[in-house]
Amino acid sequence: MKRKGLIRAAVLLSGVSAVTGCGNRNISVLKPAGPVGDSQMDLIRLSLVIMTLVVIVVSVLYIYAVVRFRERPGQKKEIPEQVEGSKKLELLWTIIPILLLVILGIPTVSTTFQLNKKPEPAESMRVNVTGYQYWWAFEYPDYGFETANEVHIPAGKKVEFIMTSHDVIHAFWVPSLGGKQDLSPGRINRLVLQADKPGIYEGRCTELCGAGHALMNFRVIVQQPEDFEAWVNRLKKPDSQPDNDTAAEGKKLFAQNCMGCHAIQGAGYKVLGQTGPELTGLSYRTRLAGVVNNTKEDLSRWITNPQRIKPGNHMPAFDHLTEKQRKALTEYLSGLK
Ligand code: CUA
């Protein structure tokens, strides 16, 4: 019986850690993957040590007082010595917390300034980030292209993210790499991050921005410098031409239905007043809309009813398309390189 209870508790705990993301290395502040995350982790450790010391000292004093001065049988009832207004005690419990705050404050302030330093242009790269309800645009000014919901960066290089918002306030957070930073309409904010090793690091919007907020996910894809260069070169020379008849039909459907909101720079489709993600190089992305796997089935599901996948987003349902048309559009879009 007891054992069953234990097993149940273990299952429950592992379930909790699964849904809270505790088991995922790539979305944890406690498992930093770059110098910014490391220095923030150092601050977490320092404050944890100080707070633990305070808890221990207070607990020991409390237990000592309770045991030492408890009422004993037969003891005469008398009011103990009053210490109200004791200069010694007042000074002691004013100075100790001030000292602790100074010990915590100095490294915190100096780390904040250090992390906010503008990196040398020669040793860093720049990515412009724009938040939209509910997706992310990542523009590479040095390379002249834009992508969405997945930002590729090379390992070991400082990346300066320059951020703003198209509509409401969003916030950019990649727990493993450090952060976070608000994206406010009409304002420019910046955040410098660096990743040590290649990998996929999960990012989240952490400012309640509307119905789709909880699904406004993105990924930081960290690559070896040579792999990153290869990705850049592919996107600099995109191939957005259909390679079969079905896809060619899809391209026509795209021009009729989608280009009011979505650009495919590689195919010469540009939009003014952009409302949807750039789709050039869609086939390289690991996920669609930051939430579902990048497969033809999910793309087709998205086109038919995007609200089911990400409630509140601005894309209308294209359920008037016939099965054949949907297949053609999916064929074209999923082949974009
Ligand atoms: Cu964007 Cu929350």
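Both ligands and their constituent atoms are indexed starting at 1 by order of listing. Quick note: numbers below take in every heavy atom, side chains included, and nothing from hydrogens, waters or symmetry partners. In this chain, residues are counted from 1 in sequence order.
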Can you tell me, to 10 degrees, how wide the angle at atom 2 (Cu) of ligand 1 is between ND1 on His213 and O on Glu207? 80°

Can you tell me which N/O/S atom of His170 has the shortest distance to atom 1 (Cu) of ligand 1? ND1

For Phe172 and His170, I'd like to know if the aromatic rings sit close, meaning centre-to-centre distance below 6.0 Å. no

Geometry at atom 1 (Cu) of ligand 1 - Cys205 SG versus Cys209 SG angle, rounded to 10 degrees: 120°

How long is the gap from CE on Met216 to CD on Gln133, to the nearest 0.5 Å? 8.5 Å

Which residues, ordered by chain and number, are linked to Val109 in its hydrophobic cluster, where ILVMFWY side chains connect at heavy-atom gaps below 4.5 Å, directly or through other members? Phe113

Any N/O/S atom, side chain or main chain, of Met216 closer to atom 1 (Cu) of ligand 1 than 2.8 Å? yes

Is it the case that Arg204 places NZ or CZ above or below the six-membered ring of Phe218, under 6.0 angstrom from the centre and within 45 degrees of the axis? no

